[in-house]
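What follows is a single structure, written as structure tokens, with notes after it.
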Amino acid sequence: AQSVTQPDIHITVSEGASLELRCNYSYGATPYLFWYVQSPGQGLQLLLKYFSGDTLVQGIKGFEAEFKRSQSSFNLRKPSVHWSDAAEYFCAVGAPNNNDMRFGAGTRLTVKP
Amino acid sequence: DTGVSQNPRHKITKRGQNVTFRCDPISEHNRLYWYRQTLGQGPEFLTYFQNEAQLEKSRLLSDRFSAERPKGSFSTLEIQRTEQGDSAMYLCASSLGRGSYNEQFFGPGTRLTVL
């Protein structure tokens with residue numbers, strides 16, 4: 001079965017600085033990869049997803065992620081962080097042969113003024 | 001707003017009691033998922049429905065848990081004889097289509113506290 005690891009539990013960045021959140025997955029073939037954001041009291045919202053094609057994926061709110069098969073990674077990036085980006089971010093991996101989407105433990109993002 | 005809704009938002013119960021949660025998905029969505037999320041962790045898959053059929057269940061779903069989606073619309077998740085370890089946020093999500101790559105839309109969750 002597939003699995004996902006988010007190595008960073010908590011990251012703090014200054015407003016306006018760039019951001020990269022790490023995600024590593026384990027799966028034998030090309031997985032389906034997702035990034036979700038969860039704000040306090042809100043449901044999870046999909047930022048972007050990858051399942052084939054161009055390995056650089058653009059999402060909502062100015063986020064992008066790059067699928068790197070050789071590194072089994074799908075890191076999330078944003079060139080300039082806004083205070084409203086403070087939230088919990090989850091990487092998730094799915095597979096074509098099952099419906100069991102596996103989430104990482106999440107990375108909590110704090111944005112300093 | 002026609003997003004996914006869950007009721008109740010919070011439930012406090014005593015150990016050994018039964019609880020039931022309801023999820024109303026986005027109306028045209030044929031797939032409905034249940035997840036459990038504990039503090040500091042990501043959501044863990046519990047089960048999913050394709051219309052009214054429950055097609056997959058996680059090992060996490062012990063025999064004290066049962067889920068239904070009687071007419072392929074709303075779903076209920078019941079926990080019998082609750083234990084303190086059942087305290088968690090229970091999330092519902094829905095999606096349109098047959099593939100697992102389709103976007104899942106999540107509800108706000110039901111937070112269960114078992115005393």
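Given the structure is predicted, the values throughout are model-derived calculations rather than measurements.
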Taking every heavy-atom pair that is under 4.5 Å apart, which of B/Gly107, B/Gly42, B/Pro43 has the most such pairs with chain A?
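With the most close heavy-atom pairs to chain A, the winner is B/Pro43.
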State plainly whether one hydrophobic cluster holds both [X] and [Y], where clusters connect Ile, Leu, Val, Met, Phe, Trp and Tyr through side-chain heavy atoms under 4.5 angstrom apart.
X	Y	value
A/Leu33	A/Phe90	no
B/Val19	B/Phe65	yes
A/Leu21	A/Val111	yes

Top contributor to chain B interface from A/Gly43, A/Gly106, A/Ala92 [non-hydrogen pairs under 4.5 Å]:
A/Gly43
Examine whether an atom of [X] lies under 4.5 Å from a heavy atom of chain A, and if so say whether it belongs to the side chain, the backbone or both; otherwise answer neither.
X	result
B/Arg31	side chain
B/Glu103	both
B/Leu91	side chain
B/Gln104	both
B/Phe105	neither

Could you tell me the separation between the CE atom of A/Met101 and the OH atom of B/Tyr33, rounded to the nearest 0.5 Å?
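The OH atom of B/Tyr33 is 7.5 Å from CE of A/Met101, to the nearest 0.5 Å.
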dist B/Phe45:CZ -> A/Arg102:CZ (nearest 0.5 Å) comes out at 9.5 Å
Counting heavy atoms not belonging to [X], are there more than 12 under 6.0 Å from its [atom1]?
X	atom1	answer
B/Leu96	CG	yes
B/Glu68	CD	no
A/Ile60	CD1	yes
B/Arg64	CZ	yes
A/Ile9	CD1	no

Chain B contact via [X] - which portion, at a heavy-atom distance below 4.5 Å:
X	value
A/Phe34	side chain
A/Phe103	both
A/Gln38	side chain

